[in-house]
Amino acid sequence: MKVTTWNINGVKARIDSALTYLRQELPDVICLQEIKSVDEGFPAGPFEELGYNVAVHGQKGFNGVAILSKLAFDDVASRLPGDETDEQARYIEATLSVPSGAVKIASLYLPNGNPIGTEKFSYKLAWIKRLQEHARDLLKEEMPFILAGDYNVIPLPEDAKQPKAWTDDALFQPESRAAFRQIVNEGLTDAVRLCHPEPGLYTFWDYQAGAFQKDNGIRIDHLLLSPQAADRLVAAGVDSFTRAWEKPSDHVPVWVDLDI
DNA sequence: ATGGCGCGTCAAACGCGA
């Protein structure tokens with residue numbers, strides 16, 4: 001089963017690219033972030049024509065996440081527990097039936113957190129903490145699950161072409177990195193890093209300053225696997241070729257292949 | 001060395017991202 005995550009930076013601006021990608025790469029599940037659309041505005045039709053079921057948690061103008069799945073949804077939840085007052089659409093998770101049982105897949109869009117020293121940064125840290133607590137609850141179920149999405153965290157210096165340039169950025173703060181690490185420390189596996197220990201693997205290149213041409217990228221889109229999912233990990237990768245497409249998202253698709 | 005973009009909301013700049 002191939003599961004992909006992609007921050008598409010606007011589903012309406014990226015609909016043709018998304019459909020081309022799905023026809024070409026045939027993921028069983030794709031988690032989308034930054035759809036920048038309300039639920040009713042999401043162009044479900046073209047995706048359904050490709051055989052995908054669609055689950056959307058949208059918001060006007062900003063944020064917004066979705067899961068497209070060739071397997072039917074048994075259950076969908078679109079809130080990250082821990083803060084009933086949080087109105088930002090950044091999380092959706094679905095339970096799918098697979099031959100070996102059930103698998104849970106989350107599409108998450110972790111807050112950017114810039115600038116540091118503001119309530120935006122504390123919101124980011126609180127959000128990661130909520131995700132950690134949720135991961136802990138999910139782990140108790142001892143089932144395969146994947147927390148996939150745009151984490152807006154550069155875990156290590158080798159996850160950036162120019163780590164020094166990110167020193168004052170929320171994506172590379174010691175607190176951000178430690179909070180991400182604490183989720184991994186709960187017992188989750190960073191699938192892409194496990195399959196690709198070499199440096200120089202990036203998932204985002206800024207639109208400005210010819211960042212892609214210089215390969216001035218960062219790795220901030222991740223798939224964290226539960227132990228039961230990691231047991232079945234076959235391969236993982238980054239489809240950086242989409243960044244060279246016409247009218248690209250600034251993020252590229254990242255995927256895992258699981259033997260389930 | 002420096003500065004360089006793009007999307008959505010609206011209908012001109014602006015908020016936001018990373």
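Proteins come first, then strands; the chains are lettered A, B, ... in the order of their sequence lines, and each starts at number 1.
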Lys70(A) to Tyr52(A), cation-pi by 6.0 Å centre distance and 45° axis angle: yes
Cation-pi check, Arg90(A) onto Tyr109(A) ring (under 6.0 Å, within 45° of axis): yes
Most 5' of Asp206(A) and Gly210(A) on DNA chain B, judged by nearest nucleotide: Gly210(A)
ring-ring contact (aromatic ring centres under 6.0 Å, His included) partner of Tyr21(A), chosen from Phe47(A), Trp6(A), Trp255(A): Trp6(A)
Nucleotide nearest Tyr207(A) (side chain, heavy atoms from C-beta), chosen from dG6(B), dC16(B), dA18(B): dG6(B)
Sugar-phosphate, base or nothing in reach of Asp150(A), heavy atoms under 4.0 Å: sugar-phosphate
Phosphate OP1/OP2 of dA18(B): any Asn112(A) side-chain N/O under 4.0 Å: yes
Minimum-distance nucleotide (side-chain atoms of Lys36(A) versus dA18(B), dG15(B), dG8(B)): dG8(B)
Distance below 4.0 Å between His251(A) side-chain N/O and dA18(B) OP1 or OP2: yes
Spacing between Asn63(A) atom CG and dC7(B) atom C1', to the nearest angstrom: 13 Å
Whole angstrom value for the distance that separates P of dG17(B) from CG of Asp221(A): 15 Å
Tyr109(A) side chain near dA18(B) phosphate (N/O to OP1/OP2, under 4.0 Å): yes
Selected nucleotide, minimal atom distance to Lys247(A) side chain, candidates dG17(B), dC7(B), dA18(B): dC7(B)
Result of checking Tyr91(A), Trp127(A), Phe145(A) against His134(A) for ring-ring contact (aromatic ring centres under 6.0 Å, His included): Tyr91(A)
5' precedence on DNA chain B between Ser37(A) and Ala209(A) (nearest-nucleotide basis): Ala209(A)
Sugar-phosphate only, base, or nothing, as touched by Asp168(A) at under 4.0 Å among non-hydrogen atoms: nothing
Nearest-Å distance once atom C1' is located in both dA11(B) and dC7(B): 15 Å
Residue pair Ser69(A) / Asn53(A), side-chain donor-acceptor N/O under 3.5 Å: no
Presence of Asn9(A) side-chain N/O under 4.0 Å of dC7(B) phosphate oxygens OP1/OP2: no
Candidate nucleotides dG8(B), dA18(B), dG15(B), ranked by approach to the side chain of Ala13(A) - the nearest: dG8(B)
Proximal nucleotide (of dA18(B), dG8(B), dG17(B)) relative to the Arg90(A) side chain: dG17(B)
Whole-Å distance separating the CZ atom of Phe121(A) from the C1' atom of dA18(B): 14 Å
P-based separation of dG3(B) from dA13(B) [nearest Å]: 25 Å
Rounded distance in Å - CG (Asn7(A)) to C1' (dG8(B)): 14 Å
Proximity to the side chain of Arg14(A) - top-ranked nucleotide from dC7(B), dT9(B), dA18(B): dC7(B)
More than 12 heavy atoms from other groups under 6.0 Å of CD on Glu142(A): no
Nearest-Å distance for atom pair CH2/P, residues Trp166(A) and dG17(B): 14 Å
Closest listed nucleotide, where the reference is the side chain of Lys214(A) and the choices are dG4(B), dA18(B), dG8(B): dG4(B)
Length of the CZ-P vector between Phe204(A) and dG17(B), whole Å: 12 Å
Spacing between Gln59(A) atom CD and dC16(B) atom C1', to the nearest angstrom: 12 Å
P-based separation of dG6(B) from dA18(B) [nearest Å]: 16 Å
Glu25(A) and Thr4(A) side chains, donor-acceptor separation under 3.5 Å: no
Integer angstrom distance from the C1' of dC16(B) to that of dA1(B): 28 Å
Spacing between Arg243(A) atom CZ and dG6(B) atom C1', to the nearest angstrom: 10 Å
Sugar-phosphate, base or nothing in reach of Asp250(A), heavy atoms under 4.0 Å: nothing
